[in-house]
Amino acid sequence: MTCLISSFVLEFELVPGQGYLWMTHKTPGSATWDLSMRSHQLWTMMAENLQEQGLDPIVELGWKKTGSLLVGRTRAESDMLKGRVKQLSEAGLKAEFLGSSDLLKREPDLLVDKDTAAAFLPDDCQLDAHRTVAYIEKGNRNFASKGRYAEFYDDPVKCFIRSDCNGGVEAVQTSKNTLYSKKAVIVAAGCWTGSLMQDLFRNWGMEFHVPVRPRKGHLLALQNFNSLQLNHGLMEAGYVDHPSISDLESSDHGRDLSVSMTATIDAAGNLLVGSSREFAGFNTDLDESVITHIWKRVGDYFPKLRSLSVSDLSTSRKVRIGLRPYMPDGKPVIGPVSGLSNVYLAAGHEGGGLSMALGTAEMVVDVVLGRPGKVDSAPFAVDRVLE
């Protein structure tokens, strides 16, 4: 989809995931911490603003304040979680360490032994990406009559049109339209950002390479699934590092597949379990072996599910497959493109797209308008990754 918003051109690809806005697996002081924290604040403010308007955030955004649990099952993971709770608390978040007995009280269906523990963040939330985008689009359409907003679907970008005066980009040529921009052109095309910019620059006989790569993910959604009680969003401690699977049932052992247990129930009552990460190019085909790995991993944490096989789920399941925009240094690119005074990038958020979305939007606007930012944009500069 391509949107024109008050002279901003934004192209993006929505990949539906679990919709969690969790801070429990993020590390204070890391490169993306401040941006994630600011986004979390902005999401919460949006939900509160809806309530003040008499609207229901659950209906409009699929918003749920579930709280999140980062679960460890070894003594080493338990010690790590104690340290994480201390860090998160010192960073200003409400965080609690749960030993095995307290954890079992909160999640009776979870397999808990003497070494099982969790970091618990009661204020973590989740939303439904489709509902949220629909709500934002609906609000933006109020500006259409003023000429400040328009939507263009199935209308891919073909090239930039440069100004004869200063060499900047004065318009974007799509397959059906020419979109003129007085202020800025913002490219936010997810994992396609690199190839799109490369093609656009190639039209000028120039090279421009942003090393954003697609990282494929599978997510299993089970509709009307009542075989598991789940009171919070859960994620295994290994999600932080995404350990690779060595016994992959596939002929391609070079794709670096990792599967980590995540489980949550969305606003529609669906059980969402995952998740996988792998480098498979732009391939979005369903791989049943990955679903088998996901289901087995979830069963390691929830014994009730072990009696069900993947084939038993065929009538209630849907598999979501998407491509996360991966950056080698773990940080998105947000900011101006050198040599093109009015072109900006916002891409490479990998699995943190939703959790950093509103902070990124605010950062881009502040950079374009030359305003002091709430979050330092320097760590995300485009120039740092150009090859």
Side-chain angles (χ1 to χ4, degrees), residues 17-28 30-33 36 66-88 95-100 103-104 106-107 109-121 124 126 215-220 228 230 232-250 253 255-264 271-280 287 289-303 305-306 322 324 326 330 349-352 355:
Q18 284 177 283
Y20 49 72
L21 304 171
W22 300 347
M23 297 298 294
T24 185
H25 63 298
K26 299 185 183 299
T27 303
S30 64
T32 58
W33 173 260
S36 298
T66 57
S68 66
L69 291 164
L70 186 63
V71 180
R73 301 195 297 179
T74 66
R75 182 66 59 85
E77 288 179 338
S78 177
D79 291 341
M80 179 274 290
L81 292 171
K82 286 180 182 177
R84 179 171 289 272
V85 166
K86 183 175 184 294
Q87 276 186 304
L88 293 169
E96 181 181 352
F97 177 81
L98 301 179
S100 56
L103 179 57
L104 187 58
R106 290 193 173 275
E107 294 293 348
D109 284 351
L110 182 68
L111 177 62
V112 175
D113 60 25
K114 63 182 178 64
D115 290 327
T116 307
F120 174 47
L121 268 67
D124 274 358
Q126 66 188 60
R215 200 176 194 186
K216 183 178 180 180
H218 286 68
L219 180 69
L220 183 60
L228 185 69
L230 202 61
H232 307 281
L234 276 79
M235 176 185 290
E236 69 167 286
Y239 185 92
V240 177
D241 299 316
H242 313 298
S244 298
I245 292 177
S246 58
D247 61 338
L248 179 62
E249 298 171 12
S250 168
H253 290 263
R255 55 183 181 165
D256 193 24
L257 173 70
S258 68
V259 172
S260 302
M261 187 282 295
T262 61
T264 187
L271 173 66
L272 306 178
V273 295
S275 62
S276 69
R277 294 173 188 249
E278 61 180 307
F279 293 107
D287 187 332
S289 70
V290 175
I291 299 302
T292 300
H293 276 293
I294 289 175
W295 191 244
K296 180 179 181 299
R297 190 61 179 166
V298 173
D300 290 342
Y301 285 81
F302 296 100
L305 303 181
R306 295 176 186 172
R324 305 178 183 95
Y326 168 87
H349 296 71
E350 218 258 327
S355 64

>> Please enumerate all residues that pass ring pair (Phe, Tyr, Trp, His ring centres under 6.0 Å) together with Y326, with sequence neighbours excluded.
In response: F279
> Does S276 use its side chain to pair, donor to acceptor, with the backbone of H218 at less than 3.5 Å?
Replying inline: yes
> Under 4.5 Å between any side-chain heavy atoms of L234 and Y301, yes or no?
Replying inline: no
> From L230 CG over to L110 CG, what is the distance, rounded to the nearest 0.5 angstrom?
Replying inline: 9.0 Å
>> According to side-chain hydrogen bond (donor to acceptor under 3.5 Å, both in side chains), who are the partners of T27, at least two apart in sequence or on a separate chain?
In response: R84
>> Please find the pair of heavy atoms, one from S78 and one from A117, that lie closest to each other, and give the distance.
In response: OG-CB, 3.7 Å
> Is the shortest heavy-atom distance from the side chain of W22 to the side chain of T66 under 4.5 Å?
Replying inline: yes
> Are side-chain N/O atoms of Q18 and S275 paired as donor and acceptor at under 3.5 Å?
Replying inline: no
>> R75: which residues meet the salt bridge (Lys or Arg N to Asp or Glu O under 4.0 Å) condition with it, sequence neighbours left out?
In response: D115
>> Could you check whether any side-chain heavy atom of L111 comes within less than 4.5 Å of a side-chain heavy atom of F302, counting everything from C-beta outward?
In response: no
> What closest approach, in Å, do A237 and M80 show between heavy atoms, and which atom pair accounts for it?
Replying inline: CB-CE, 3.8 Å
> To the nearest 0.5 Å, how far apart are CG in L98 and CG in L70?
Replying inline: 11.0 Å
> K86: what forms a salt bridge (Lys or Arg N to Asp or Glu O under 4.0 Å) with it, not counting sequence neighbours?
Replying inline: E90
> What is the minimum heavy-atom distance between E236 and V259, and which atoms define it?
Replying inline: OE2-O, 4.2 Å
>> For T116, give me all partners under side-chain hydrogen bond (donor to acceptor under 3.5 Å, both in side chains), at least two apart in sequence or on another chain.
In response: D113
>> Just verifying a value: how many Å separate R324 CZ and K216 NZ, rounded to the nearest 0.5 Å?
In response: 11.5 Å
>> Nearest 0.5 angstrom please: L219 CG to I294 CD1, how far?
In response: 7.0 Å
> Which pair of heavy atoms, one from L81 and one from G72, lies closest together, and at what distance?
Replying inline: CD1-N, 3.5 Å
> Between atom OG1 of T264 and atom CG of D124, what is the distance when rounded to the nearest 0.5 Å?
Replying inline: 10.5 Å
> Is there side-chain contact between Y20 and L272, with at least one heavy-atom pair below 4.5 Å?
Replying inline: no
> For the residue pair V298 and G274, what are the closest heavy atoms and their distance?
Replying inline: CG2-O, 4.4 Å
>> Can you tell me how far apart OG1 (T24) and CG (L121) are? Round to the nearest 0.5 Å.
In response: 5.0 Å
>> Holding to salt bridge (Lys or Arg N to Asp or Glu O under 4.0 Å), I want the full list of residues that pass it with D300, two or more places apart in sequence or in another chain.
In response: R297
> Quick one: does S68's side chain get under 4.5 Å of M235's, heavy atoms only?
Replying inline: no
